[in-house]
Amino acid sequence: MAMLNFGGTEEKVVLREEFPLEKALETLKDETIAVIGYGVQGPGQSMNLRDNGFNVIVGQRKGGASWDKAVADGWVPGETLFPIEEAAAKGTIIQYLLSDAAQIEVWPKLKPHLTPGKALYFSHGFGITYNDQTGIQAPEGVDVILVAPKGSGTSLRRMFLQGRGLNSSYAIAVDATGRAYERVIALGIGVGSGYLFETNFQREVYSDLTGERGTLMGAIQGIFEAQYTVLRANGHTPSEAFNETVEELTQSLMPLVAENGMDWMYANCSTTAQRGALDWKDKFRDATKPVFEELYKSVATGEEARRSIDLNSQPDYRVKLEAELKELHESEMWQAGRTVRGLRPENN
């Protein structure tokens with residue numbers, strides 16, 4: 001384990017060089033990894049593990065679209081693809097990668113298969129952290145571990161195929177066997193992590209829920225909408241408004257920020273852009289910081305978890321959700337986005 005300095009703060013990280021794939025394979029050579037769920041994280045993690053040479057099976061509800069997707073991805077019914085309970089019975093490591101709502105629903109059926117010596121693996125701290133609301137509490141004798149890739153399962157798989165790694169956090173809630181650390185790091189390497197940084201279940205879910213509602217999705221969409229609307233109200237065309245709001249950010253600037261950092265971006269833009277950015281960044285920070293403080297408090301008190309669980313349990317939630325997503329999809333800004341994307345050189 002390495003200690004790296006991040007802006008004056010030291011953090012424990014595990015690099016692939018110090019825990020290579022060969023060591024991970026040796027660590028888990030006698031294990032059967034049962035990936036439960038084939039939705040957001042399941043496909044990427046399971047296929048990366050399979051391609052890396054681990055013994056992997058998938059558990060999924062039979063007959064649905066996700067089952068068919070698993071078959072299309074090369075999982076063989078009766079050999080490497082099973083109904084959820086059968087896969088859980090076969091696995092020594094159970095990767096619980098269903099959605100948060102589905103984890104609550106399936107838990108009573110899964111729990112009997114968590115016998116002493118097994119490991120229960122999550123990629124999100126929700127179920128364990130808010131167990132007073134989810135009811136998810138592992139039996140005694142079971143390791144409870146987490147590897148949370150910092151991106152979607154699609155990104156994890158895409159970067160793996162490119163020979164790259166997506167950074168992940170890892171955590172150990174219960175070390176019942178004395179092997180939890182080796183298991184979790186081996187799994188983190190196996191699923192395709194770049195480097196692994198230490199956290200705990202609570203910190204992971206608090207930061208994750210804040211990020212999703214904040215800069216990763218909620219805040220960025222809100223800022224997009226605000227700027228696009230102001231530009232359109234002042235006579236700018238949809239194409240101009242979209243390019244200045246989204247396209248230039250995602251296609252030109254963010255890849256450079258990812259490579260070199262925002263400080264580099266500031267130092268290498270025009271003096272006019274540089275001056276404006278420096279003058280306005282504090283105003284945006286001061287305007288949004290109270291919103292982030294309100295958001296974090298809502299996460300930490302469990303209010304966000306309660307709302308998510310309550311809404312997901314309503315029989316008409318899917319219908320209402322689809323209506324909200326349809327409204328977003330059909331908004332002028334994202335209609336303009338589809339047109340702009342179609343005009344990119346690689347699409348012509």
Side-chain angles (χ1 to χ4, degrees), residues 35-46 58-73 83-84 96-107 109 122-124 126-127 130 133-136 148-149 151-158 205 208-229 232 238 241-242 245-247 250 291 295 298-299 302-342 347:
V35 176
I36 307 300
Y38 209 74
V40 177
Q41 283 289 336
Q45 292 200 34
S46 62
V58 170
Q60 179 57 39
R61 291 186 180 92
K62 196 170 185 178
S66 294
W67 179 277
D68 294 339
K69 175 173 168 47
V71 171
D73 287 340
I84 288 175
Y96 206 29
L97 300 184
L98 294 166
S99 69
D100 296 327
Q103 285 187 15
I104 297 170
E105 177 189 345
V106 172
W107 179 249
K109 298 178 182 178
F122 295 86
S123 283
H124 190 28
F126 191 98
Y130 301 115
Q133 299 186 59
T134 66
I136 296 175
S152 69
T154 300
S155 298
L156 182 72
R157 180 62 176 168
R158 184 177 296 160
V205 73
D208 188 77
L209 293 183
T210 301
E212 290 170 349
R213 287 150 178 76
T215 60
L216 302 179
M217 294 176 67
I220 196 68
Q221 172 63 20
I223 291 171
F224 282 165
E225 287 182 13
Q227 179 171 305
Y228 182 90
T229 300
R232 289 289 286 123
F242 186 85
T245 300
V246 179
E247 190 75 352
T250 58
V291 181
L295 166 58
S298 184
V299 170
E303 175 61 22
E304 290 299 305
R306 184 201 60 75
R307 175 172 168 77
S308 178
I309 292 169
D310 288 352
L311 288 177
N312 273 286
S313 64
Q314 294 177 3
D316 62 346
Y317 176 66
R318 278 287 159 191
V319 176
K320 292 179 179 177
L321 175 64
E322 289 302 322
E324 291 181 272
L325 294 175
K326 183 180 180 182
E327 182 180 353
L328 186 66
H329 178 75
E330 294 180 351
S331 67
E332 183 192 272
M333 181 171 68
W334 292 113
Q335 288 186 47
R338 287 189 286 278
T339 301
V340 170
R341 288 193 298 274
N347 294 328

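Shown here for T134 and G127, the closest heavy-atom pair between the two residues is OG1-O, 2.7 Å. Nearest heavy-atom pair across R157 and G44 is CB-CA, 4.0 Å. Minimum interatomic distance between R338 and E330 (heavy atoms only, all atoms of both residues): NH2-CA, 4.4 Å.
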side-chain contact (heavy atoms from CB on, under 4.5 Å) evaluation trace for Q221 with W334
CA-CA 11 Å; Q221 172 63 20; W334 292 113; 3.2 Å; yes
Would you please test V71 and Q60 for side-chain contact (heavy atoms from CB on, under 4.5 Å) and show each step?
CA-CA 11 Å; V71 171; Q60 179 57 39; over 6 Å; no
How far apart are the C-alpha atoms of Q45 and L156, what are their side-chain angles, what is the distance that settles it, and do they pass the side-chain contact (heavy atoms from CB on, under 4.5 Å) test?
CA-CA 7 Å; Q45 292 200 34; L156 182 72; 3.6 Å; yes
As a quick check of understanding, evaluate side-chain contact (heavy atoms from CB on, under 4.5 Å) for E303 and R306, giving each step before the final call.
CA-CA 5 Å; E303 175 61 22; R306 184 201 60 75; 2.4 Å; yes
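A distance of 6.0 Å separates CG in L311 from OH in Y317, rounded to the nearest 0.5 Å. Note: F122 CZ to Q103 CD = 5.5 Å, rounded to the nearest 0.5 Å. Distance CG/D100 to CG/N312: 8.0 Å, rounded to 0.5 Å. Atom CD of Q41 and atom CG of L97 lie 7.0 Å apart (nearest 0.5 Å). Atom NE2 of H124 is separated from atom CG of D208 by 4.5 Å, given to the nearest 0.5 angstrom.
Residues D73 and Y38 bring a donor and an acceptor atom of their side chains to less than 3.5 Å of each other.
Considering only heavy atoms from C-beta on, Q314 comes within 4.5 Å of K320 through its side chain. Contact of the I309 side chain with the F126 side chain is registered, since non-hydrogen atoms from C-beta on lie closer than 4.5 Å.
Of the possible donor and acceptor atoms, none in the side chain of T229 sits under 3.5 Å from a partner among the backbone N and O of A226.
More than 12 heavy atoms of other shown residues, nucleotides or ligands fall within 6.0 angstrom of atom CZ in R341.
Aromatic ring pairs are classed by plane angle as parallel below 30°, tilted from 30° to 60° and perpendicular above 60°; the pair Y96 and W107 is tilted.
Residue T210 is tested with L295, V205, L216, T215 for a side chain to side chain contact (heavy atoms under 4.5 Å, CB included); the sole match is L295.
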